[in-house]
Amino acid sequence: KQWNIAVVGATGAVGSQMIECLEERDFPVGKISYLASARSAGQVLEFKGKPVVVEELTRNSFEGVDIALFSAGGDRSREFCPAAAAAGAVCIDNSSAWRMDPDVPLVVPEVNPQAIAGYGKKGIIANPNCSTIQMVVALKPLHDYATIRRIVVSTYQAVSGTGSKAIAELDRQVKGLLQGKSPDVSVYPHQIAFNCLPQIDSFEESGYTKEEMKMVNETRKIMAADIRITATAVRVPVFYGHSESVNIETEKKLTVAKARELLKKAPGVKLVDDPAKGRYPMPMDAAGQDLTLVGRIREDESIENGLNLWVVADNIRKGAATNAVQIAEILVGKYLK
Ligand code: 2RA
């Protein structure tokens, strides 16, 4: 059977990666439609070498669509997912709009695939935030074995997480600065080239950013566990690949050797942990592939059952597009008829 797919936000960094994932994973696509803003409508993109004209997103764009992959921002998801679901499409939404809705499954296939069964409540499945996805892929095998009771995470997030304008801004700033020009700052509140910004998304009353609270709240929902979590999310001048320093406290003792053994066989994980040989996860190795790289595993002797990890993944692929297409594969393989 083939499935009719709509990609909403097809011209964006994640949308175009979703298209590439559908192609490279040979998803059984019947008809495909690319939906975007009026400004982008009319552009001719491709699917498997055939031309596809980008259409303007409207409430009537979903007739005959089986699965709508959304990555066009929260406002558009809030406005159009219900219309798509009403037309009979199942939405897999990469925005944060629906993630914490109790009637919307929030899914990482390696962690809680069974949650996809709840897709029928609203006809929407939510794709978690990129920084959440890579962390729970790495922590799931450790949690199953030793029960995590607290997580302290600091992230080092690539500019591609903000989209194509941010990628262009970093490129422009670096080149400009090397030529002695002062940088033009438009996407971020400050210069990002050769700098680190401890702000991703806006600040809440608590002093935390929305990005940091996404990691706290989404992790608890995906792992269905009341884990205590605190996060610091930082933007760094890297194009692709989010890195995370993760400290966990577990109920049961978890040695470095045991953690390595568990991670070596964990789905979606690649253990890269041989510091003596200079082998540890780096964005330049994670970019362009779908595994979550885990290394720098060491016991945290400052508490009884503590462990430190360094986790790196491609934020556009596994952090967004690939995760969404993997959800679609389970959906058509197990639930849709
Ligand atoms: C970021 N996680 O990196 C956010 C949204 N993709 O900007």
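In each ligand, atom 1 is the first atom listed, and ligand 1 is the first ligand listed.
Counting the atoms of ligand 1 from 1 in the order shown, those under 4.0 Å from a heavy atom of His242 are 3 (O). Residue Gln157 has at least one heavy-atom neighbour below 4.0 Å for each of these atoms of ligand 1: 1 (C), 2 (N), 3 (O). Taking a cut-off of under 4.0 Å to the non-hydrogen atoms of Asn129, the atoms of ligand 1 that pass are 2 (N), 4 (C), 5 (C).
Nearest protein neighbour of atom 6 (N) of ligand 1, counting heavy atoms only, is Gly161 O, 3.0 Å. Closest to atom 7 (O) of ligand 1 among all protein heavy atoms lies Arg235 NH2, 2.5 Å. When hydrogens are left out, the protein atom nearest atom 4 (C) of ligand 1 is Glu211 OE2, 3.3 Å; that is the closest non-hydrogen contact.
Evaluation of the salt bridge (Lys or Arg N to Asp or Glu O under 4.0 Å) test over residues 59-74, restricted to residues two or more places apart or in two chains, returns none.
Within the model, atoms CD1 of Ile151 and CG of Leu139 stand 5.0 Å from one another, a figure rounded to the nearest 0.5 Å.
Classification of the Tyr156-Trp310 ring pair by plane angle, with boundaries at 30° and 60°, yields tilted.
Between Glu218 and Thr132, the side chains place a donor N or O and an acceptor N or O closer than 3.5 Å (distance only, hydrogens not considered).
With a 4.0 Å heavy-atom cut-off, ligand 1 is reached by no atom of Lys214.
Ligand 1 lies nowhere less than 4.0 angstrom from a heavy atom belonging to Ser131. Residue contacts with ligand 1 include Thr162, since one of its heavy atoms falls under 4.0 Å from the ligand.
At a threshold of 4.5 Å between non-hydrogen side-chain atoms, the residues Glu169 and Val185 count as touching. Put simply, the side chain of Glu299 reaches to within 4.5 Å of the side chain of Lys253, judged on heavy atoms.
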Under 3.5 Å, side-chain donor or acceptor atoms of residues 7-23 against the rest of the protein: list the pairs with distances, not counting sequence neighbours.
{"residue": "Ser16", "atom": "OG", "partner": "Gly12", "partner atom": "O", "Å": "2.7"}
{"residue": "Ser16", "atom": "OG", "partner": "Ala13", "partner atom": "O", "Å": "3.2"}
{"residue": "Glu23", "atom": "OE2", "partner": "Lys48", "partner atom": "N", "Å": "2.6"}

